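Labels below follow one simple rule: chain letters A, B, ... track the order of the sequence lines, proteins then strands, and each chain is numbered from 1. Predicted, not measured: the structure shown is a model, and the values here were computed from it.
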Amino acid sequence: MKPDFKIIAAILSTGSLMGLLYNFISPHRIPLIAEEKRIMWADDSLFTEFSQSPPDTIIIKGEDKIKTGSVNNTNAATEKDNEKAENKITNTNPDHETLQKKETPELTEPAAINLSQAYSLYKQNVLFIDAREPVDFEYAHIKNAINIPADHFDDYKHILDKINKERTVVTYCGGSDCDLSIVLGNLMLDLGYRKVYIFFGGWNEWLEANYPIKEGTQTQ
Amino acid sequence: MKKVFANNYFLLISRLVLGFIFIYAGMEKISGPESFAGAINNYKLIPFSFVNILALILPWIEVIAGILLIFGIVVRENALIISVLLGIFIAAITISLIRGLNIDCGCFGTAGSAKVGLEKLLENFLLLLLGVQLIYFGGGSVKLTR
């Protein structure tokens, strides 16, 4: 006896109808067509003041530290420990972080930034977070960036414990056609980070612009 | 061997197991459509616009098919629906494993929140065997309805 496809069609349509009807009356109603999260572009004026401010004191330690996922905060004690001067930024006045806090507005959703905005933040030594897969990160990444793959966020989110929620961070992934940076940005916002920017052009634009990169850190 | 699989009590047990698992899975997903939609989206297999519709419809099909299986009503048809769904789940999990995605399975909505992995693949495969058994032999003579 073969299955009756009319009955199958009836079951499928009843299920579909009930699903849609239930959604109509349910308190947990969701829109039938999922809405893409619109990307809010950060206004250039937002960076004017910021870029005029003295370089902030956020220091990312050398690659040996990055590989272990350690991100250096700017407190004086940690700085004393860090004797490798080559990766330090010269201006290490502790007041500067406070300056940055005042001048970078808090966000309710991650704001997208373009290449020049990203580079301007990069020059302020803002922390860049690579949301791509570790293998891509290890092959090459924006210099001084750390890796928190958005698809393995649970496994890597302990790295964020060391990053102050007041800090400005920029997330990026492969390019404008990937959404890992947006996913990571939203996850970080959920965790309480309020200054999360998404470098929308991502790795591709950065590479084309010949901005600083770090290659071949494949050894663990 | 065929006799064993065609045994009325074995068929009844298969119906009950598949039925209850699908009712439970469906109910969990119905109670949290948004998180289930997120789970579907994580697989990155279907266009974003269709994610919500699927998240609303799929659990109800699972629940209805599960209830009908338990009561022994149009067993072959329901077993076919469930087997096709299981086949799709197996394909989705396999693709995710190949892609190396470390995502929540979404198999039982938010309950348990198990990750996709070989365990889930095996689980779905065993359920698929029960489904195929029911398609082939029907629901047997032990029914709650006449």
Side-chain angles (χ1 to χ4, degrees), chain A residues 1-39 131-138 147-157 173-174 177-180 182-184 186-187 190, chain B residues 22 26 29-38 40-44 46-69 73-85 96 99-104 113 115-116 134-139:
Chain A
M1 199 176 83
K2 281 187 176 176
D4 186 340
F5 286 94
K6 278 182 193 164
I7 294 175
I8 291 176
I11 295 169
L12 293 181
S13 22
T14 313
S16 310
L17 203 65
M18 285 175 78
L20 297 177
L21 277 177
Y22 177 76
N23 184 54
F24 190 67
I25 53 163
S26 162
H28 305 291
R29 190 180 313 151
I30 57 172
L32 292 187
I33 307 294
E35 289 162 16
E36 293 265 8
K37 277 214 166 185
R38 272 193 315 119
I39 300 170
R132 299 174 301 161
E133 290 293 297
V135 61
D136 298 323
F137 177 82
E138 279 159 21
N147 186 210
I148 302 181
D151 279 339
H152 310 277
F153 186 68
D154 286 345
D155 301 336
Y156 282 79
K157 67 178 175 191
C173 52
D177 57 346
C178 74
D179 59 357
L180 292 174
I182 304 172
V183 173
L184 179 66
N186 281 310
L187 288 168
D190 290 344
Chain B
F22 266 73
K29 290 167 190 163
I30 288 170
S31 63
E34 200 162 358
S35 56
F36 181 48
I40 298 176
N41 192 39
N42 284 342
Y43 282 90
K44 305 251 182 289
I46 60 164
F48 188 67
S49 319
F50 298 130
V51 165
N52 277 10
I53 290 249
L54 191 63
L56 291 172
I57 289 174
L58 187 66
W60 282 89
I61 294 174
E62 289 181 354
V63 170
I64 292 175
I67 293 174
L68 294 179
L69 263 193
I73 305 164
V74 286
V75 169
R76 277 199 162 89
E77 287 75 6
N78 284 300
L80 183 63
I81 291 174
I82 285 182
S83 302
V84 169
L85 288 180
S96 301
R99 285 175 170 177
L101 296 181
N102 180 24
I103 53 174
D104 274 342
S113 71
K115 301 273 181 192
V116 290
L134 291 176
I135 298 173
Y136 198 76
F137 295 108

Working to the nearest 0.5 angstrom, can you tell me the gap between B:W60 CH2 and A:T14 OG1? 11.5 Å
At a heavy-atom separation under 4.5 Å, does A:S26 approach chain B through its side chain, its backbone, both, or neither? neither
Correct closest heavy-atom pair for A:H28 and B:P33 would be O-CG, 3.4 Å
For the atom pair CD1 (A:I11) and CD1 (B:I67), what is the distance rounded to the nearest 0.5 Å? 11.5 Å
For B:I81, is it the side chain, the backbone, both, or neither that has a heavy atom closer than 4.5 Å to a heavy atom of chain A? side chain
Got a second to check how far B:I61's CD1 is from A:I8's CD1, nearest 0.5 Å? 11.5 Å
Atom pair CG/CD1 of B:L56 and A:I30 - distance to nearest 0.5 Å: 4.0 Å
Contact part of A:P31 toward chain B, heavy-atom cut-off under 4.5 Å: side chain, backbone, both or neither? both
Where do B:N52 and A:I33 come nearest, in terms of heavy atoms and distance? ND2-C, 4.2 Å
Does any heavy atom of chain B fall under 4.5 Å from the side chain of A:F5, the backbone, both, or neither of them? side chain
Please confirm whether the backbone N or O of A:D4 pairs with a side-chain atom of B:E77, one donor and one acceptor, at under 3.5 Å? yes
Taking all non-hydrogen atoms of both residues, which atom of A:G15 and which atom of B:I64 are closest, and how far apart? CA-CD1, 3.5 Å
For B:L58, which atoms come within 4.5 Å of any heavy atom of chain A: side chain, backbone, both, or neither? neither
Toward chain A, the part of B:L80 with a non-hydrogen atom under 4.5 Å: side chain
